[in-house]
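These values consider heavy atoms only, across backbone and side chains, with no hydrogens, waters or symmetry-generated copies. Throughout, residue positions are numbered sequentially from 1 according to the sequence presented. Counting starts at 1 for both ligands and their atoms, in listed order.
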Amino acid sequence: MPITPAAVRVSALRLDRGSRTILRDIDLTVAQGSVTAILGPSGCGKSTLLSALTGELTPAAGSVEVLGRPVPQRKRALLELRKGIGVLLQGNGLLTDLTAAENVALPLRTHTDLPAEVIRHLVEMKLHAVGLRAAADLYPRELSGGMARRVALARALALDPPLMLYDEPLTGLDPIASGVIMSLIARLNASLGLTSLIVTHHVHETLPIADRAVVIANGGIVFDGTPAELETTGDPLVRQFLKGEPDGPIPFDAAPRTEAA
Ligand SMILES: Nc1ncnc2c1ncn2[C@@H]1O[C@H](COP(=O)(O)OP(=O)(O)OP(=O)(O)O)[C@@H](O)[C@H]1O
């Protein structure tokens with residue numbers, strides 16, 4: 001059987017912010033084609049882990065490989081790698097004076113030399129993929145929260161990245177819009193052959209579409225398994241997180257603080 005390279009391979013990783021160690025001893029291999037939920041209490045370092053994958057944050061120790069190669073330090077090589085990573089942030093980041101179509105076209109205009117007609121066609125395809133072809137000429141202020149998130153998703157997909165990173169994709173959305181976004185993430189992952197990492201607090205909305213759940217707490221990975229294993233784990237720390245209980249092994253009112261070595 002051919003061995004498929006991992007989409008992400010993190011080994012003995014330590015990430016510091018200033019003099020503080022946020023995460024240590026992180027080992028994580030993400031199979032191509034999978035959907036992984038990265039869960040954990042506020043401030044545990046989920047977004048920090050994503051910053052190491054995009055090369056925004058340089059590891060204090062250990063290694064990070066994305067799409068089969070080490071995350072480079074050099075700016076040019078990093079920009080090249082980032083074209084292969086689609087990022088959807090909770091703030092959407094849509095430019096308010098551009099229409100939905102113009103927002104989706106932006107990465108294509110910036111990073112390719114494609115003729116305007118081809119870009120127009122690609123933008124139509126991306127908006128169609130998120131069910132918003134009819135909204136092409138609307139401005140962000142004319143979109144609902146869920147629609148704006150879908151436009152941002154279409155824009156993140158503009159350059160056909162094989163890896164998608166979602167940072168809190170459901171923040172600010174009502175349950176119906178949340179359901180639409182989650183099923184869209186699952187459908188796009190399957191139909192476009194992507195690999196998706198979803199950082200989220202929304203455990204119950206995310207687990208149904210995830211192949212794997214990783215829980216981060218107290219500076220490291222405290223659970224790594226299938227959603228079914230997560231639901232039945234007896235680990236008190238993980239159970240406390242799942243039930244949202246304030247008292248237990250996770251200090252919910254404070255991020256883990258360990259001084260860098
Ligand atoms: N740019 C930064 N500079 C300094 N400290 C930072 C920076 N970004 C994050 N931190 C700190 O790193 C820790 C982890 O933050 P991070 O945003 O990764 O957590 P998170 O798990 O994604 O939290 P949340 O779920 O609330 O978004 C926090 O204590 C935060 O204050």
Query raised in the report: Do S47 and D167 get their side chains close enough for a donor-acceptor pair, meaning under 3.5 Å?
Result: yes
Query raised in the report: Under a 4.5 Å cut-off applied to non-hydrogen side-chain atoms, are I198 and M182 in contact?
Result: yes
Query raised in the report: Nearest to atom 18 (O) of ligand 1 by heavy atom, L15, T48, D167: which?
Result: T48
Requested in this report: Going by heavy-atom distance to atom 26 (O) of ligand 1, choose the closest among S47, S42, G18.
Outcome: S42
**Report entry** N or O pair under 3.5 Å between V199 and ligand 1
**Finding:** no
Query raised in the report: Is G43 in polar range of ligand 1, meaning some N or O pair under 3.5 Å apart?
Result: yes
Query raised in the report: Which of the numbered atoms in ligand 1 are below 4.0 angstrom from a heavy atom of H201?
Result: 25 (O)
Query raised in the report: Any idea which atoms of ligand 1 are less than 4.0 Å away from a heavy-atom of G45?
Result: 14 (C), 16 (P), 18 (O), 19 (O), 20 (P), 21 (O)
Query raised in the report: If you round to the nearest 0.5 Å, how far is CD1 of I216 from CZ of F241?
Result: 10.0 Å
Query raised in the report: Closer than 4.0 angstrom: is that true for some heavy atom of C44 and an atom of ligand 1?
Result: yes
Report task. Just let me know how R17 lines up against ligand 1, side chain, backbone, both or neither, with a heavy-atom cut-off below 4.0 Å. Result -> side chain
**Report entry** Side-chain (T206) to main-chain (V203) donor-acceptor, under 3.5 angstrom
**Finding:** no
Query raised in the report: Does S183 use its side chain to pair, donor to acceptor, with the backbone of G179 at less than 3.5 Å?
Result: yes
Give every donor-acceptor pair under 3.5 Å between a side-chain atom in residues 125-135 and any protein atom, sequence neighbours left out.
from	atom 1	to	atom 2	distance (Å)
K126	NZ	D160	OD1	2.5
R133	NH2	E124	OE1	3.0

